[in-house]
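Okay, so here's the structure we're looking at.
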Amino acid sequence: QVQLVESGGGLVQAGGSLRLSCAASGRTFSNYVMGWFRQAPGKEREFVGHISRNGGTTYYAESVKGRFTISRDNAKNTVYLQMNNLKPEDTAVYYCAARPGIATNPETYDSWGQGTQVTVSS
């Protein structure tokens, strides 16, 4: 498994932006597809998006498409989630996760960070 640590969460007003980072260690980062997920209170963990091993392909949930962008820097062992035009419904704990291949089901990811809180005020 790879160890993951998220950072960059916080409180932002609706319409604002945040960039989350997820730093990886322990394994060869470029061997992993990286996913972002979120979980709001009382709700199940939700797929946000993922990025391929070389960063060439991304895929997003409809709810964030056009507002969120995932990127990665394999030299820095870090994946990013740029969130623009944030809405109150984006409020959640955001997690990064890793797995060898592409998937949207969180149950198939075997390495997880501890999460970072994002709160969007109206």
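The basis for the numbers below is simple: all heavy atoms, side chains too, and nothing from hydrogens, waters or symmetry mates.
Partners of F68 under the ring-ring contact (aromatic ring centres under 6.0 Å, His included) rule, at least two apart in sequence or in another chain, do not exist in this structure. Residues that satisfy the side-chain hydrogen bond (donor to acceptor under 3.5 Å, both in side chains) test with T119, not counting sequence neighbours, are Q117. Legend: residues meeting side-chain hydrogen bond (donor to acceptor under 3.5 Å, both in side chains) with Q39, ordered by chain and number and at least two apart, are R45. For E62, the side-chain contact (heavy atoms from CB on, under 4.5 Å) partners at least two apart in sequence or on another chain are K65. For the side-chain contact (heavy atoms from CB on, under 4.5 Å) test, residues two or more places apart in sequence or in another chain that qualify with A97 are F37, Y109, W112. In this structure, the side-chain contact (heavy atoms from CB on, under 4.5 Å) partners of P88, at least two apart in sequence or on a different chain, are A14, V120, S122.
By the 6.0 Å contact criterion, CD on Q114 is enclosed, its count of non-hydrogen atoms from other residues, nucleotides or ligands being greater than 12.
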Subject >> Step-by-step side-chain contact (heavy atoms from CB on, under 4.5 Å) determination, D110 to Q1 >> reply: CA-CA 7 Å; D110 51 18; Q1 292 186 347; 4.2 Å; yes
**OP:** Quick one: do V79 and F29 satisfy side-chain contact (heavy atoms from CB on, under 4.5 Å)? Show the steps, please.
**Re:** CA-CA 10 Å; V79 62; F29 180 65; 4.2 Å; yes
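With a 4.5 Å cut-off between side-chain heavy atoms of Ile, Leu, Val, Met, Phe, Trp and Tyr, the cluster of L11 takes in none.
Counting only residues at least two apart or in different chains, salt bridge (Lys or Arg N to Asp or Glu O under 4.0 Å) contacts with residues 2-27 are absent. Among residues at least two apart or in separate chains, side-chain hydrogen bond (donor to acceptor under 3.5 Å, both in side chains) pairs with a member in residues 47-61 are S52-N54. Under the side-chain hydrogen bond (donor to acceptor under 3.5 Å, both in side chains) criterion, the residue pairs touching residues 68-83 are R72-N74, Q82-N84, with sequence neighbours excluded. Among residue pairs with one or both ends in residues 39-107, those qualifying as disulfide (SG to SG under 2.5 Å) are C22-C96; sequence neighbours excluded. Among pairs with a residue in residues 91-108, those fulfilling side-chain hydrogen bond (donor to acceptor under 3.5 Å, both in side chains) read R38-Y94, R99-T108, at least two apart in sequence or across chains.
L20 is listed as a side-chain neighbour of V118, based on a closest heavy-atom distance under 4.5 Å. Counting heavy atoms from C-beta on, the side chains of Q3 and V5 never come closer than 4.5 Å.
In terms of heavy-atom proximity, L86 sits nearest to V12 at CD1-CG1, 3.6 Å. Closest non-hydrogen pair, M34 versus L4, comes out as CE-CD2, 3.8 Å. Contact record, V2 with A24: CG2-CB, 3.8 Å, taken as the closest heavy-atom pair.
Clustering ILVMFWY residues whenever any of their side-chain heavy atoms sit less than 4.5 angstrom apart, transitively, puts F47 in a cluster other than the one holding L81.
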